[in-house]
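First the proteins, then the strands, lettered A, B, ... as listed; each starts at 1.
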Protein chains: 2
Amino acid sequence: MALAEAILVCLTEKPMSGYDLAKNFDASVGFFWRASHQQIYRELGKLRERGFVKSQEISQQGKPNRIVHTITDEGRAILRQWSIKRPRMPANKDELLLKFYAFEDIDIRAMIEHLSHRIEQHETRLARYKKIKSRYYDGKTLDLMKKGKLIALEMGLDNETSQIRMLTRALNDMRSLDAAKDD
Amino acid sequence: MALAEAILVCLTEKPMSGYDLAKNFDASVGFFWRASHQQIYRELGKLRERGFVKSQEISQQGKPNRIVHTITDEGRAILRQWSIKRPRMPANKDELLLKFYAFEDIDIRAMIEHLSHRIEQHETRLARYKKIKSRYYDGKTLDLMKKGKLIALEMGLDNETSQIRMLTRALNDMRSLDAAKDD
DNA sequence: GTTTGCTATGCAATTTTGTGCATATGCGCA
DNA sequence: TGCGCATATGCACAAAATTGCATAGCAAAC
């Protein structure tokens, strides 16, 4: 399970609360790791127990108190260990692709809908990536940490672009099939 | 949960045993849906209970008996319902990308290893896809069912190609960084 | 003034997925 | 004669993810 590591990786940047992490998962790391806030809070509990993070409650006015988590040296150590282990191939499960396989039993119009929606989603992500890239990386001198993130970011950008291209082609195929049906 | 649907989708092609399905998952559907044989047998039990498949034991000589599962009309009906529902965005969890994010705390040599291995894996898949395409689809007349599968297959091909391109670029970046370190 | 939404945390139950183990036959190989 | 491999099925436990629920203060909109 790598949720623990995903959290620790986020915390290498700066100490964060569970709430921050949940938002961060949506924004940056979220493109290659997803988790709900419930999962994150639960995992933070375990990490604290094992001594990989230390937690400190911070009083706030006008808002509920937050609990800020900092990665410990032990946390960094297991991160190093983990990085050497070969990562498993991503599961790559996609219901949409599956639907194409049952083509006789599905609704073409619905598929067109699905594809359009998927493309929109990827375009939103692509825009967000580009924004992050231009804001934090373009024309800046990069330390080692930022270089790694830039590589990941570029892979993300590249991936979104490919997805959009693939999905658009499939969408066009669907539209021709749908038009041909009316004859 | 879409494992049930993944199985039903496979069974639309022809009746199969759990063993067949497990192999089929490795070969074709497996590129966008993965499952172990244990998972498949368990799910088949549930599908039988709900009446979405009917199962028949077939005696064999020299080999253990096999239980062949056929999709029922009810099974096809829920497949149709399912196809209309919007598919969720794939989880897209990748430990490798995560490691780039913790770049200060990781081993560059290990990353080079990981990337090389990943590229090899994708190349194996790509070769398999190409073989399937040339064998079953090139220069053939395609019915609706096969058209859907071809679209899925081409998306798979495209995806593997993009992955290889992305990973190769990252690998080159890593190698330059590693070389620069020796100075 | 009441509803909606954001900040902030977390438990509990269920569903889904993954891993290890178990069993049985027959074939080919050394 | 023993070993590994392919065929064939499945249980049981453990880990992970999803979903629903619960609490609570403040701000802004209506």
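- Backbone-only contact: K93(B) has heavy atoms under 4.0 Å from sugar-phosphate atoms and none from a base.
- Atom CD of Q39(B) and atom P of dA15(D) are 17 Å apart (whole Å).
- Distances were taken from every side-chain heavy atom of I67(B) (C-beta onward) to each of dT9(D), dT9(C), dA8(C); the shortest belongs to dT9(D).
- Protein atom CD1 of I40(B) is 11 Å distant from nucleotide atom P of dG18(C), rounded to whole Å.
- As a whole-Å value, the separation of H69(A) NE2 from dA8(C) P is 12 Å.
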Verdict with reasoning, W82(A) to E95(B), per side-chain hydrogen bond (donor to acceptor under 3.5 Å, both in side chains) = CA-CA 10 Å; W82(A) 163 77; E95(B) 274 189 71; 2.9 Å; yes
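- Atom pair E49(B):CD and dT15(C):P shows a separation of 13 Å (rounding to whole Å applied).
- Note on Q38(B): a base of the nucleic acid sits closer than 4.0 angstrom, heavy atoms only.
- Counting to the nearest Å, the P atom of dT18(D) and the CD atom of E95(A) are 12 Å from each other.
- Put simply, OH on Y19(B) is 18 Å from P on dA24(C), counting in whole angstrom units.
- Here R66(A) does not reach the OP1 or OP2 of dG10(C): none of its side-chain N or O atoms lies under 4.0 Å away.
- Taking atom CG on L3(B) and atom C1' on dT16(C), their separation rounds to 9 Å, with Å as the unit.
- Residue K54(A) qualifies as open at atom NZ: its count of foreign heavy atoms under 6.0 Å is 12 or below.
- Heavy atoms of R34(A) sit nowhere under 4.0 angstrom from any nucleic acid atom.
- dA8(D) atom P lies 7 Å from atom NZ of K23(B), rounded to whole Å.
- Side chains of S17(A) and D20(A): a donor on one and an acceptor on the other come within 3.5 Å.
- Side-chain contact between F31(B) and R128(B) is present, with heavy atoms from C-beta onward closer than 4.5 Å.
- No more than 12 heavy atoms of other residues, nucleotides or ligands lie within 6.0 Å of NZ in K131(A), so this atom counts as exposed by the packing criterion.
- For the pair A2(A) and Y41(B), nearest-nucleotide mapping onto DNA chain D gives the more 5' position to Y41(B).
- In this structure, S17(B) reaches the dT9(D) phosphate: one of its side-chain N or O atoms is under 4.0 Å from OP1 or OP2.
- Between E43(A) and G18(B), it is G18(B) whose nearest contact on DNA chain D lies nearer the 5' terminus.
- Looking at R42(A), its side chain comes within 3.5 Å of the base of dT18(D) through a donor and an acceptor atom.
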